[in-house]
Amino acid sequence: IDEQDWSESWKEFFHPLKITKRIVIKPSWQDYNANFDDVVIEIDPGMAFGTGTHPTTALCISMIEKYIRKGDKLLDIGTGSGILMIAAAKLGAQKIWGIDNDEVAIDIAKKNLLLNGIENKNFKVMTGNLTDKVYKRFDIVVANILTETIMTLLDHLKSVLKEKSVFICSGIIEKNKGKVVEKMVAS
């Protein structure tokens, strides 16, 4: 399939979606009349993963909403479109970092962060593998990636977590849940 055709044709199926009581994902090319307490995330995922319509993304956003505290610092591993970073910023995170091994995703994430009014000084996006370029610790680390990648990430996770921080991960299929939990307990 021609990449250009794909990157435009799917847009007709992407509409505003309320994924929690407060959080709405809105495509950048569509209008939405927000309620006074809505947190609207405007997104144009382009060729990157993360429209908010996938259950794993929606679950991560709902967990961020549950655990984020004003002023927290969040790291998004496998940031894709930047949607989880945007949610964190709109919910009160002070600093947000994202890392992805795809340079296209990093460019799209930066555009989406700016589209949502998040200032350059409050975020950092970088191309890299898991935590290899991360030199700070975070209150919340989120990873919406594949099981095998999460298993590898668990070996490096302590280097980016503050004491009493929260790790949110998704993308794990049911049959792999046990081995992920087992490795988390052992770490």
From [X] atom [atom1] to [Y] atom [atom2], the distance as rounded to the nearest 0.5 Å:
X    : Y    : atom1 : atom2 : answer
S81  : I43  : OG    : CD1   : 3.5 Å
F123 : L113 : CZ    : CG    : 5.0 Å
L115 : I108 : CG    : CD1   : 12.5 Å
N129 : H156 : CG    : NE2   : 8.0 Å
E174 : N176 : CD    : CG    : 9.5 Å

Do you know the tightest heavy-atom contact between M85 and K124?
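Heavy atoms of M85 and K124 come nearest at CE-O, 3.9 Å.
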Can you see which heavy atom on I106 is nearest to which on G98, and at what distance?
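Here I106 and G98 meet closest at CD1-O, 4.4 Å.
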With side-chain contact (heavy atoms from CB on, under 4.5 Å) as the test, pick out the partner of I83 among N116, D76, N144, I41.
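By the side-chain contact (heavy atoms from CB on, under 4.5 Å) criterion, I83 pairs with just one of N116, D76, N144, I41: I41.
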Is there a donor-acceptor contact under 3.5 Å from the side chain of [X] to the main chain of [Y]?
X    : Y    : value
K177 : I172 : no
D38  : V40  : no
K73  : R137 : no
N112 : D44  : yes
T131 : V134 : no

Could you state whether [X] and [Y] fall into the same hydrophobic cluster, counting links through intermediate Ile, Leu, Val, Met, Phe, Trp or Tyr residues with side-chain heavy atoms under 4.5 angstrom apart?
X    : Y    : value
V180 : I168 : no
V125 : I77  : no
L153 : I64  : no
L84  : I68  : yes
M63  : V39  : yes

Is D139 salt-bridged to K162, cutoff N-O under 4.0 Å?
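Yes, D139 and K162 are salt-bridged.
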Look at K21 together with D37 and state whether they make a salt bridge at an N to O cut-off of under 4.0 Å.
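No.
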I96 vs N122, test: side chain to side chain contact (heavy atoms under 4.5 Å, CB included). Steps then yes/no.
CA-CA 6 Å; I96 49 175; N122 295 330; 5.5 Å; no
